[in-house]
Number of protein chains: 2
Amino acid sequence: MSSTTAGAATVELDPRRTQILRAALEVIAERGYGETRIADVAERVGVSPALVMYYFKTKDRLLAEAIRHAEDLWYADGTRVMEAIPTASGRLEALVRITCLSDEEVGPSDSWALWIDLWCQALRRPAVAAVREEFDAHWRETIRAVVHDGQAAGEFEPMDADEVAVALSALLDGLSIQIALHDPAVTEERAFATAMRFASRLLGFAWEPPEQVRRHRA
Amino acid sequence: MSSTTAGAATVELDPRRTQILRAALEVIAERGYGETRIADVAERVGVSPALVMYYFKTKDRLLAEAIRHAEDLWYADGTRVMEAIPTASGRLEALVRITCLSDEEVGPSDSWALWIDLWCQALRRPAVAAVREEFDAHWRETIRAVVHDGQAAGEFEPMDADEVAVALSALLDGLSIQIALHDPAVTEERAFATAMRFASRLLGFAWEPPEQVRRHRA
DNA sequence: ACTGACTGACTGACTGTTCAGTATAGGGGA
DNA sequence: TCCCCTATACTGAACAGTCAGTCAGTCAGT
């Protein structure tokens, strides 16, 4: 479906440019969007702040492009992982795993912080809001497609796939917030189990929690 | 009790102090936590910036107290509304309604933005993180209690109430993000219906989406 | 020599915080 | 009553630090 997504991502091949974008992403993840200074980004690359301005006209443009770059990276990884999984329930579990567990091969370990910052900045910055809406729409469409495939294959019960996509993406967003904030009541494993239990119950497929987090069921 | 908390108690009763706190909350909701200037708060109250520093030693302390103040206000309203509802399913619906629909009598209309900012700042500010964790723990406990009551009364099916609390609070958080960001795919009414459908299916109680979601309480 | 990558040094704006000082209210004494 | 004294609320102005953005100019490759 989305085999030609490389176009937009490879528009900028300038290595210095992508180097700066990557550095900006690191700084944003560490210090936060609002606390990111051009000097920090420049120092991380090992160049002068003026060079950052040379490549990106303003700070706003740098940060906006960095956010979009993060989205591209995240989805490139995500689709690569997803394509290798044959069953719909397996792909659904992969989606939940990517969202809840930090040791997956998708995105940086602190990508949750980036998400929260994305939402926060999207509140008031139209450029960020556009990226966010695109990102979420794409994410929901991914879930919807998996649900649809599973229903067509008889793995899932028939029900409104859009509805499931909205509910499940919201659930995952909410859980990722608790994980990002290290809430003691919501560990990564618990979030994973909660989301999977939820999805399996909703879609009517069998799923058993792994050994270490298995608990009694009614 | 007076020896250690007398200062704090009198502090909260100072009208000028609460006036500044309220103004700070308004500015935070409008401009965002990171973009809030003490000059803005002072101007809204009609005093000099120096007076704000006179009451709150630093900007950080002002903002931290403002956030805590918001939490207090929100829960005061929330518990008042909840107490008047007899059935557990009714209280659960009220919880969802408070979260999803903007015209309820709980909190300011833009309290979602405040929540997102709360999460964002909690990522890196320990003082805010403490308020956030308290807030969420209280919120989950509220849900858990309602679920437990409903199960005891036979309204809900038996299942782990903690599990339901984690899942439902996460779902509501995720939906509130989409609402706050005005995502075209998730209107307030749709979020409300999604959450209620989810909860009723999970807990096994009957719920029908209203023909037209009632708004503006008569 | 021309172009593009790159830099050091500067500026200009913003803003949290301080501080010296003003005004007002109240209390106590004569 | 009048005056003095003190504490409290409050302000205008300035200070000090931070940073995005600019610019003239250097350096390397062609």
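The chains referred to below are lettered A, B, ... by the order of the sequence lines, with proteins before strands, and numbering in each begins at 1. Only a predicted model underlies this, so the values are computations on that prediction, with no experimental measurement involved.
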Between C:dC14 atom C1' and A:K59 atom NZ, what is the distance in whole Å?
-> 13 Å
Spacing between B:R37 atom CZ and C:dT17 atom C1', to the nearest angstrom = 14 Å
pair_partner(D:dG25), Watson-Crick or wobble, both distances < 3.5 Å, evaluates to C:dC6
Salt bridge B:E35-B:R37, side-chain N to carboxylate O under 4.0 Å = yes
Is B:I38 touching bases, backbone alone, or none of the nucleic acid, heavy atoms closer than 4.0 Å?
-> base
Which atoms of nucleotides 2-9 of chain C (N or O only) lie under 3.5 Å from a protein N or O atom, and what are those distances?
from, atom 1, to, atom 2, distance (Å)
C:dA5, OP2, A:Y54, OH, 2.4
C:dC6, OP1, A:R16, NH1, 2.7
C:dC6, OP2, A:Y55, OH, 2.7
C:dT7, OP2, A:S48, N, 3.0
C:dT7, OP2, A:S48, OG, 3.1

Ring centers of A:W119, B:W115 separated by less than 6.0 Å | no
Do the rings of B:F135 and B:W74 sit parallel, tilted or perpendicular, given the 30° and 60° boundaries?
-> tilted
Salt bridge A:E65-A:R68, side-chain N to carboxylate O under 4.0 Å | no
In plain terms, say whether A:R132 and A:D136 are close enough for a salt bridge, that is, a side-chain N and a carboxylate O under 4.0 Å apart.
-> yes
Mark yes or no for whether B:W139, through its side chain, and B:A165, through its backbone, hold a donor-acceptor pair below 3.5 Å.
-> no
Polar contact flag, side-chain donor to acceptor under 3.5 angstrom, B:R16-B:Q19 = yes
Strand partner of D:dT30, provided both Watson-Crick or wobble distances fall under 3.5 Å | C:dA1
Salt-bridge present (A:D162, B:R190; N to O < 4.0 Å) = no
Chain B reaches DNA chain D, atoms under 4.0 Å from its heavy atoms, from D:dT8 to D:dG12
